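Keep in mind the model is a prediction, meaning the values are calculated, not measured. In this chain, numbering begins with 1 at the start of the sequence shown.
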Amino acid sequence: MAEGGGVPRNGAIVSGNAEGLGYAVAAELCRCGKTVVLLDDDPEALSAFAAGVREKGGDILPLTVDFASAGSVRDAAAAAIDHLGVPRFVLHNAAVLTERPMGAWPFEPWKREVDVVLQAAFVLSKAVWPLLFDAGAGSLLYVSSESAMAGFRDEAAYAPAKHGQEGLMKVLALEGRERNIAVNSITPGVPIDGPMAHTYSDGQRRVMVKPQVLAPAFRFLGEIDASFSTGNRLNAYQMTQVLSVGSGPAVGPVW
């Protein structure tokens with residue numbers, strides 16, 4: 001078991017690989033010397049990614065999780081805490097997006113999608129909250145999207161879940177401010193050229209960026225406290241551009 005105590009360790013919990021963003025952030029954190037616990041629902045992809053990171057000297061613990069199961073998320077969070085002690089950074093990125101009109105939504109698939117986005121965010125946050133609260137430090141970050149700011153057709157599960165995640169962020173920001181815990185959400189800010197990009201036209205892909213381009217913004221936010229930002233929705237692309245000014249390329253070696 002990792003050394004506990006009330007001081008956050010140099011560690012992070014990252015959930016989900018949606019569009020490759022979770023893996024890009026995990027790789028960036030490991031490259032910078034962080035210990036990362038990566039939660040994902042694809043055991044083969046997770047194992048292959050972790051092996052690649054370890055070959056380059058990264059410190060990563062991969063855990064397979066069913067994000068729709070509160071028990072599975074709770075167990076993974078406990079294992080992550082056992083490995084890390086008090087985490088410095090927790091990123092919830094796991095999500096499912098299924099598009100179908102309201103009349104075509106069966107209840108169980110609807111509930112599963114909401115649970116992956118919102119319930120998992122709550123369960124993971126609840127697991128680490130007492131540790132961050134006692135430590136008086138830490139950063140919680142939820143990956144948001146345009147769907148959290150507006151309603152879109154055929155998103156009767158995803159959009160409400162993302163709206164709910166924004167609400168959770170705002171509540172925890174208020175509760176955590178006195179203990180210096182930063183709680184924010186973040187949008188990519190640009191379309192991401194990830195695993196699903198093959199479904200888009202060449203014109204659409206020309207305005208996309210690789211998820212690795214955005215990773216420095218997440219690394220930076222993993223170190224902040226409430227005095228810098230809490231209760232806000234941030235833009236990863238804009239932050240990355242600011243961070244890259246005067247410091248050369250925003251992206252380090254791609255793992």
Could you tell me the separation between the CG atom of Asn235 and the OG1 atom of Thr187, rounded to the nearest 0.5 Å? 4.5 Å
Minimum heavy-atom separation for Leu38 and Gly22, please, with both atom names. CD1-O, 4.4 Å
Just so I know, are the side chains of Pro211 and Tyr23 near enough to count as touching, which here means a heavy-atom distance under 4.5 Å? no
Are a donor atom and an acceptor atom from the side chains of Ser144 and Glu166 found within less than 3.5 Å of each other? yes
How far apart are the closest heavy atoms of Val183 and Thr230, and which atoms are they? N-OG1, 3.0 Å
With a 4.5 Å cut-off on side-chain heavy atoms, are Arg54 and Pro62 touching? yes
Determine whether Leu63 and Leu61 make a side-chain contact, defined as any pair of heavy atoms from C-beta on separated by less than 4.5 Å. yes
Sorted by chain and number, sequence neighbours left out, salt bridge (charged side-chain N to carboxylate O under 4.0 Å, His left out) with Arg179 holds for none
Sequence neighbours excluded, the answer for side chain to side chain contact (heavy atoms under 4.5 Å, CB included) partners of Phe122 is Lys126, Leu168
With a 4.5 Å heavy-atom cut-off, do Val171 and Glu175 have their side chains touching? yes
Show the numbers, then the answer: is there a side chain to side chain contact (heavy atoms under 4.5 Å, CB included) between Ile60 and Phe49? CA-CA 10 Å; Ile60 189 167; Phe49 175 80; 3.8 Å; yes
Rounded distance (nearest 0.5 Å) linking atom CZ of Arg219 with atom CZ of Phe89: 11.0 Å
Working to the nearest 0.5 angstrom, can you tell me the gap between Asp154 CG and Arg100 CZ? 10.0 Å
Hey, quick one: are Leu243 and Val190 part of the same hydrophobic cluster, counting side-chain heavy atoms closer than 4.5 Å, chains of contacts allowed? yes
Evaluate Asp41 against Val65 for side chain to side chain contact (heavy atoms under 4.5 Å, CB included), listing each step before the verdict. CA-CA 5 Å; Asp41 60 0; Val65 183; 5.9 Å; no
Could you tell me which non-hydrogen atom of Cys30 sits nearest to which non-hydrogen atom of Gly58, and how far apart they are? CB-CA, 4.2 Å
Is it true that Tyr158 and Val143 fall in one hydrophobic cluster, defined by side-chain heavy atoms closer than 4.5 Å? no
Are Phe107 and Val114 connected in a single hydrophobic cluster, I mean Ile/Leu/Val/Met/Phe/Trp/Tyr linked by side-chain heavy atoms less than 4.5 Å apart? yes
Residue list, salt bridge (charged side-chain N to carboxylate O under 4.0 Å, His left out) with Asp115, at least two apart or on another chain: Lys111
Looking at residues at least two apart in the chain, or sitting in another chain, which of them share a side chain to side chain contact (heavy atoms under 4.5 Å, CB included) with Pro160? none
Are Leu118 and Phe67 grouped together when hydrophobic residues (ILVMFWY) are joined by side-chain heavy atoms under 4.5 angstrom apart? no
Thr64 OG1 to Glu44 CD distance, which is reported to the nearest 0.5 Å: 10.0 Å
If we ignore hydrogens and angles and just use 3.5 Å, is the side chain of Thr240 paired with the main-chain N or O of Ala236 as donor and acceptor? yes
Could you list the residues that satisfy side-chain hydrogen bond (donor to acceptor under 3.5 Å, both in side chains) with Thr35, not counting sequence neighbours? Asp59
Heavy-atom side-chain proximity of Leu141 to Ser185 below 4.5 angstrom: no
Considering only heavy atoms from C-beta outward, does the side chain of Val90 approach that of Pro87 to under 4.5 Å? yes
According to side chain to side chain contact (heavy atoms under 4.5 Å, CB included), who are the partners of Ser229, at least two apart in sequence or on a separate chain? Asn184, Ile224, Asn232, Leu234
Listed by chain and number, what are the side-chain hydrogen bond (donor to acceptor under 3.5 Å, both in side chains) partners of Thr98, not counting sequence neighbours? Glu113
List the steps and the verdict of side chain to side chain contact (heavy atoms under 4.5 Å, CB included) for His92 and Gln165. CA-CA 10 Å; His92 182 58; Gln165 193 172 266; 3.3 Å; yes
Any residue meeting side chain to side chain contact (heavy atoms under 4.5 Å, CB included) with Arg74, in chain and number order, not counting sequence neighbours: Ala70, Val123
Which residues share a side-chain hydrogen bond (donor to acceptor under 3.5 Å, both in side chains) with Asp66, sequence neighbours left out: Arg112
Closest non-hydrogen atom pair between Ile181 and Ala137, with its separation: CG1-O, 4.3 Å
Please find the pair of heavy atoms, one from Ala24 and one from Ala215, that lie closest to each other, and give the distance. O-CB, 3.7 Å
Residues in side-chain hydrogen bond (donor to acceptor under 3.5 Å, both in side chains) with Asn180, at least two apart? Asp225
Of all pairs that satisfy ring pair (Phe, Tyr, Trp, His ring centres under 6.0 Å), the ones with a partner from residues 205-227, not counting sequence neighbours: Phe220-Phe228
Going from NE2 on His163 to CD on Glu155, what distance comes out if it is rounded to the nearest 0.5 angstrom? 10.5 Å
Set out, in order, the CA-CA distance, both residues' side-chain angles and the distance that settles side chain to side chain contact (heavy atoms under 4.5 Å, CB included) for Arg233 and Ile186, then state yes or no. CA-CA 5 Å; Arg233 185 191 301 118; Ile186 188 167; over 6 Å; no
Who pairs with Tyr142 by ring-ring contact (aromatic ring centres under 6.0 Å, His included), at least two apart in sequence or on another chain? none
Would you say that Val37 contacts Leu84 through its side chain, given a criterion of any heavy-atom pair below 4.5 Å between the two side chains? yes
Kindly indicate whether the side chain of Val36, heavy atoms from C-beta on, has any atom under 4.5 Å from the side chain of Val14. yes
How long is the straight-line distance from CD of Glu28 back to CG of Leu214, given to the nearest 0.5 Å? 11.0 Å
Using every non-hydrogen atom in the two residues, find where Ile13 and Ala80 come nearest and quote the distance to one decimal. CD1-CB, 3.7 Å
Hydrophobic cluster membership, with links at side-chain heavy-atom distances under 4.5 Å among I/L/V/M/F/W/Y: are Leu91 and Val117 in one? no
